Amino acid sequence: MVAPEQMWIGWTMIAFCASGGAMLILYLVCSNLRERKGFVLLLVGTALIISGAVLGLVGAMRMDASKQQTAVQQKSNNTQADILFDCHFDVLPRIGPPDGKIQIFEMPASGAEEAHLINYLTKPAEQIDWHKFNPPWSLLTSIYRCDLTAIKDPPIFEASFNLEITYYEAVPYLPTDVISVGEGVASIDGKQLRSGNVVRRETSNFKIRRLDAATPYTFYIANRTRYFATVRVPKDGSGFRVGRENETTMAVGSSSPYEMFFSPVAAP
């Protein structure tokens, strides 16, 4: 018997059995080749090919099953959530929205202040030149757009979230450097940079007055520092439901389980 968590043992045995069967059939059918040189190598080679094919096919099937299981688990988690947090790479809007308000959660250029939410006021349908703001925005600014939606009714008021931010020093990237999973590389001002040691970590809070299922709440996250940075989507938040007096914890579902990764706006 094979333990359920050790199924690879059973599949390996099946692969060996299949390769042994192929060797036996080849030995019986190709009797005229038995006396020739290299016949044993032919048998061994056939066995290796059959074993590799069986194990490769099983491995591909298990990888596909694992991906489907992960997708189902992610869908299940989002179904149970109160709020959906959907973030992806984007650019700042070029035209003013109908309400004239653009909200950006900024990591300030100084790199010393805590990140915070800033409201930029524009005229509806007005063309926006971000270079005219003080300080001016760089085209290299790393931007994410986030849409928050309350999955369940009634609406959520005074929703509060904590974003975990980690800053990394930007160091020159050398051809001999080995980049590990979770590290970043960027080309800034003609220089190749990679993320180095952690500079600091912070937890920044921001609040939203109202969230409902009909209209997503849209804001942007921008890194204006000279550091690499990561932002982790919270697993939960808090807020008030209509008809409930006390603040309650709200489960957050995310479109991606990974951290958001930001490049520096300029080389150090």
Side-chain angles (χ1 to χ4, degrees), residues 66-67 70-71 73-74 77-78 81 83-93 102-118 120 130 135-149 161-206 208 216-237 252-268:
S66 176
K67 289 181 179 179
T70 301
Q73 181 66 32
Q74 186 68 30
N77 292 341
N78 289 342
I83 299 169
L84 180 61
F85 212 116
D86 182 21
C87 298
H88 55 271
F89 268 121
D90 207 336
V91 296
L92 292 174
I102 299 173
Q103 303 188 82
I104 305 177
F105 190 79
E106 289 188 23
M107 290 170 260
S110 66
E113 305 173 53
E114 286 192 358
H116 51 278
L117 193 67
I118 298 178
Y120 287 86
W130 291 98
W137 284 82
S138 169
L139 293 177
L140 300 177
T141 304
S142 194
I143 303 286
Y144 274 81
R145 169 177 169 155
C146 295
D147 295 308
L148 274 67
T149 308
F161 303 92
N162 288 326
L163 294 180
E164 298 178 7
I165 305 174
T166 304
Y167 297 93
Y168 303 84
E169 63 179 344
V171 297
Y173 170 74
L174 303 176
T176 55
D177 289 343
V178 177
I179 305 300
S180 303
V181 176
E183 295 182 341
V185 178
S187 178
I188 307 293
D189 298 335
K191 299 179 181 179
Q192 296 294 323
L193 303 173
R194 67 174 180 84
S195 55
N197 297 326
V198 174
V199 176
R200 77 173 192 278
R201 292 183 173 90
E202 68 179 51
T203 300
S204 297
N205 176 269
F206 72 98
I208 301 172
Y217 177 91
T218 300
F219 72 101
Y220 299 84
I221 303 178
N223 179 23
R224 305 189 73 177
T225 73
R226 294 177 180 266
Y227 302 119
F228 285 91
T230 58
V231 176
R232 183 181 294 274
V233 173
K235 294 183 179 180
D236 54 47
V252 175
S254 174
S255 58
S256 173
Y258 307 106
E259 296 176 323
M260 290 175 274
F261 196 91
F262 295 82
S263 301
V265 71

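Just so it is clear, the model here is predicted, and its values are computed rather than measured.
- Two residues are said to be in side-chain contact when any heavy atoms from C-beta on lie closer than 4.5 Å; Thr149 and Pro216 meet this criterion.
- For the side-chain hydrogen bond (donor to acceptor under 3.5 Å, both in side chains) test, no residue two or more places apart in sequence or in another chain qualifies with Asp189.
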Residue pair Ile83, Phe161: steps toward the side chain to side chain contact (heavy atoms under 4.5 Å, CB included) verdict:
CA-CA 11 Å; Ile83 299 169; Phe161 303 92; 3.6 Å; yes

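- Closest approach of Pro264 to Leu193, counting heavy atoms only: CG-CD1, 4.4 Å.
- With rounding to the nearest 0.5 Å, the separation of SG in Cys146 from CG in Asp90 is 10.0 Å.
- Between atom NE2 of residue His116 and atom CE of residue Met107 there is a gap of 11.5 Å, rounded to the nearest 0.5 Å.
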Assess whether side chain to side chain contact (heavy atoms under 4.5 Å, CB included) is satisfied between Met260 and Thr230, documenting all intermediate values.
CA-CA 5 Å; Met260 290 175 274; Thr230 58; over 6 Å; no

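- Annotation for Ser195 and Tyr168: closest pair CB-CB, 4.0 Å, computed over non-hydrogen atoms.
- Annotation: side chain of Arg201 is not in contact with side chain of Glu164 (no heavy-atom distance under 4.5 Å).
- Looking at residues two or more places apart in sequence or on another chain, you find a ring-ring contact (aromatic ring centres under 6.0 Å, His included) between Phe105 and Phe206.
- Asn223 approaches Ser263 most closely through the heavy-atom pair ND2-O, 2.9 Å.
- In this structure, Phe262 CZ and Thr225 OG1 are separated by 10.0 Å, a value rounded to the nearest 0.5 Å.
- Residues meeting the side-chain hydrogen bond (donor to acceptor under 3.5 Å, both in side chains) test with Tyr220, sequence neighbours left out: none.
- Residues satisfying the ring-ring contact (aromatic ring centres under 6.0 Å, His included) test with Tyr217, not counting sequence neighbours, are none.
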Should Asp147 and Thr218 be marked as a side chain to side chain donor-acceptor pair (under 3.5 Å) after you check the CA-CA gap, both sets of side-chain angles, and the distance that decides it?
CA-CA 5 Å; Asp147 295 308; Thr218 300; 2.6 Å; yes

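- In this structure, Glu202 contributes its side chain and Ala115 its backbone to a donor-acceptor pair below 3.5 Å.
- With rounding to the nearest 0.5 angstrom, the CG atom of Leu163 is 11.5 Å from the CZ atom of Arg232.
- Every residue meeting the ring-ring contact (aromatic ring centres under 6.0 Å, His included) condition with Phe89, not counting sequence neighbours, appears here in chain and number order: Tyr144.
- Between Tyr167 and Tyr227, the angle of the ring planes goes over 60°, which puts this pair in the perpendicular group of the 30/60° scheme.
- Minimum interatomic distance between Ile102 and Pro93 (heavy atoms only, all atoms of both residues): CD1-CG, 3.5 Å.
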Verdict with supporting geometry, Trp137 and Ile143, side chain to side chain contact (heavy atoms under 4.5 Å, CB included)
CA-CA 11 Å; Trp137 284 82; Ile143 303 286; 4.2 Å; yes

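- Remark: Leu148 CG to Cys87 SG distance equals 7.0 Å, nearest 0.5 Å.
- Partners of Arg224 under the salt bridge (charged side-chain N to carboxylate O under 4.0 Å, His left out) rule, at least two apart in sequence or in another chain, are Glu106.
- Summarising the geometry of Ala81 relative to Val252, their closest heavy-atom pair is CB-C, 3.9 Å, with the distance given to 0.1 Å.
- Interatomic distance, CD of Glu259 versus CD1 of Ile165, reported as 11.5 Å (0.5 Å rounding).
- For the residue pair Val199 and Glu169, the shortest heavy atom distance occurs at CG2-N, 3.4 Å.
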Under the side chain to side chain contact (heavy atoms under 4.5 Å, CB included) criterion, do Gln103 and Ile118 qualify, and how do the steps go?
CA-CA 6 Å; Gln103 303 188 82; Ile118 298 178; over 6 Å; no

